[in-house]
Amino acid sequence: MTASTLRTTGHTEGVRRPGRWLALSVLVLAVLLVAVDATVLGLATPFLSEDLKPSGTQLLWIGDVYSFVIAGLLVSMGSLGDRIGRKKLLLIGATAFGAVSVLNAYATSPEMMIVARALLGVAGATLMPSTLALIRNLFHDPRERSLAIGIWGAMASAGAAVGPVVGGFLLEHFWWGSVFLINLPVMAVLVFVGIKLIPESKNPNPGPWDLPSVALSLVGLIGIVYAIKELASHGLSPDAGVAALVGAGALTWFVRRQLTLPAPLLDMRLFRNRGFSGAVLADLLTILGLSGLVFFLSQFFQLVQGRQPLEAGLAELPAAVGAVTAGLIAGLVARRFSVRSVVAGGLAAVGLSLAVLTTLDQHTGYPLLGAALLVVGVGAGFAFTVTADVILSSVPKDQAGSASAVSETAYELGAALGIAVLGSIVTGVYRGFATPADVPSGIASAAHESLGGAVEASGALAPETATALVSAAQEAFVDGLRIAAGVGAAVLLATAVAAWFLLKGQKLEDGVEH
């Protein structure tokens with residue numbers, strides 16, 4: 001936070017609102033659920049593939065359209081919360097999230113599932129920035145706020161790893177749609193308790209909500225992410241080029257428009273602060289590494305190593321344990337040492353864990369995988385929590401929604417890119433495997449769509465041929481996973497170095513500058 005902001009808020013920061021911790025417990029329920037929904041499909045993918053029979057491209061869209069839409073709308077929804085009231089937006093979003101979850105659970109085709117996931121993303125976009133902005137207004141004491149953000153960050157990070165555990169339990173007892181129906185009771189509790197406990201807050205002088213800016217941010221972000229996804233999957237193509245041009249053009253127009261509006265949707269001047277920009281970049285790439293790893297290890301544990309869904313989910317639990325533990329102590333550690341050492345160290349930890357996975361094979365033992373997941377969780381918990389604190393502390397309270405939206409956009413864009421970019425690398429390598437000579441062309445085509453498709457298609461073959469087909473498919477999937485892990489490791493380690501320089505001199509309130 002700047003010195004001038006500290007001076008203007010110095011007296012009010014000491015006020016401690018009664019019931020703030022109870023209110024926080026309700027807010028983190030929403031965060032946990034939105035984060036769980038981003039990864040819970042990882043374990044359900046084989047079952048969903050068998051039932052809806054999506055193509056490989058449709059399967060990727062089912063996996064990542066939720067995060068794409070959230071990323072595209074977060075800035076708009078954060079700004080809307082500043083205007084109409086963050087509590088009001090949170091409760092509307094929670095009600096919509098529960099209702100659309102039913103549509104997801106009972107989808108009957110890949111196209112319906114993609115639309116349902118996109119609508120769930122619209123509802124999710126109303127929840128995430130509201131929760132972080134409300135924390136900024138509930139907790140005025142800087143150290144209390146750091147702990148509250150730590151709990152919030154722990155739930156956001158852990159949700160990515162808890163998703164497979166919850167999904168695994170449900171999939172062993174119910175059908176795949178049950179992973180969405182768990183949203184209903186949680187959202188009901190959030191709405192009922194939230195009405196009583198959460199105080200309303202908004203910008204007292206917000207200005208109008210600029211609809212052209214909303215459209216530009218949505219088109220820009222989705223266009224860029226789609227282009228990256230297409231480039232990673234199929235290389236240079238007209239579709240990818242058009243999407244990149246449209247996305248870049250829309251985002252450029254969005255930025256120029258924000259600089260001319262008296263009440264912008266997002267104050268672009270925030271990015272002139274080197275620490276703010278560095279924190280946003282670190283946010284995005286931390287979650288890219290975490291979500292990409294969790295999503296694909298879910299399939300690796302089930303379809304390559306043959307674990308049951310619940311066992312596969314539990315195998316990923318070390319990531320959640322690491323994220324929660326690190327998130328709770330991140331503020332304390334950043335004050336004891338420095339912001340840049342904690343964030344750069346967290347990024348490096350995620351990068352090194354991904355580098356270890358370049359040694360992966362079909363028979364890699366669990367101790368190595370469990371240790372890698374634990375270190376990823378710890379690194380993500382430290383980096384994500386401290387950067388969220390830096391971002392939120394950088395602005396006055398009346399702009400909390402906009403700042404929260406920036407942090408959340410980085411989170412969701414990271415989750416989308418983790419699945420899209422790393423997933424496209426895995427899919428691209430996977431599709432190149434050679435099928436045994438006696439496999440019919442129709443079955444070979446189905447097998448090349450996805451690993452789940454190969455396992456299912458093999459059921460129509462003679463035992464020896466089926467074993468050869470599945471073995472070749474598993475080997476190709478692991479090859480793709482190794483390459484994706486190597487790319488992810490390089491990106492995370494480079495970002496760790498960048499964060500060390502970008503966050504120089506950055507500190508949390510009441511912290512020690514290093």
Side-chain angles (χ1 to χ4, degrees), residues 35 38-39 42 67 150 153-154 156-164 278-298 300 316-330 333-334 337 339-360 368-388 390 407 410-423 425-426 481-500 502-503:
T39 57
S67 292
S157 303
V162 170
V280 171
L281 178 67
D283 243 9
L284 189 152
L285 291 167
T286 299
I287 300 304
L288 181 148
L290 177 69
S291 64
L293 180 66
V294 167
F295 185 80
F296 291 102
L297 279 185
S298 293
F300 174 81
E316 294 192 274
L317 203 53
V321 173
V324 170
T325 305
L328 294 178
I329 63 171
V333 176
F337 298 99
V339 165
R340 73 170 181 170
S341 61
V342 173
V343 174
L347 287 162
V350 178
L352 290 172
S353 296
L354 287 170
V356 167
L357 293 183
T358 59
T359 65
L360 192 72
L368 178 65
L369 295 171
L373 283 162
L374 178 64
V375 175
V376 164
V378 170
F382 275 131
F384 180 65
T385 304
V386 173
T387 52
V390 168
S407 177
Y411 179 97
E412 291 301 334
L413 200 54
L417 289 173
I419 295 171
V421 176
L422 299 183
I425 292 170
V426 173
L481 196 52
R482 279 199 298 264
I483 293 170
V487 170
V491 170
L492 267 294
L493 292 172
T495 310
V497 175
W500 179 258
L502 288 171
L503 296 174

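No experiment lies behind these values; they were computed from the predicted model shown.
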Can you find a heavy atom in the side chain of [X] that is under 4.5 Å from one in the side chain of [Y]?
X: Leu369; Y: Leu360; value: yes
X: Thr359; Y: Leu368; value: yes
X: Leu285; Y: Val491; value: yes

Residue pair [X] / [Y]: nearest heavy atoms and the distance that separates them:
X: Val390; Y: Ala279; answer: CG1-CB, 4.0 Å
X: Ala282; Y: Thr387; answer: CB-CG2, 3.8 Å
X: Gly381; Y: Ala330; answer: O-CB, 4.4 Å
X: Gly488; Y: Leu354; answer: C-CD1, 3.7 Å
X: Val426; Y: Ala484; answer: CG2-CB, 3.8 Å
X: Gly278; Y: Leu503; answer: C-CD2, 4.2 Å

Quick one: pull up [atom1] in [X] and [atom2] in [Y] and give me the separation to the nearest 0.5 Å.
X: Leu284; Y: Phe384; atom1: CG; atom2: CZ; answer: 10.5 Å
X: Ile329; Y: Phe382; atom1: CD1; atom2: CZ; answer: 4.0 Å
X: Leu357; Y: Leu352; atom1: CG; atom2: CG; answer: 11.5 Å

Practice task
Let me know which of Thr385, Val342, Val339, Val386 forms a side-chain contact (heavy atoms from CB on, under 4.5 Å) with Val333.
Solution key: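 Only one option passes, and that is Val342.
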Problem - Donor-acceptor contact present, side-chain Thr325 to main-chain Gly322, <3.5 Å - result: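 Judged by distance alone, no pair lies under 3.5 Å.
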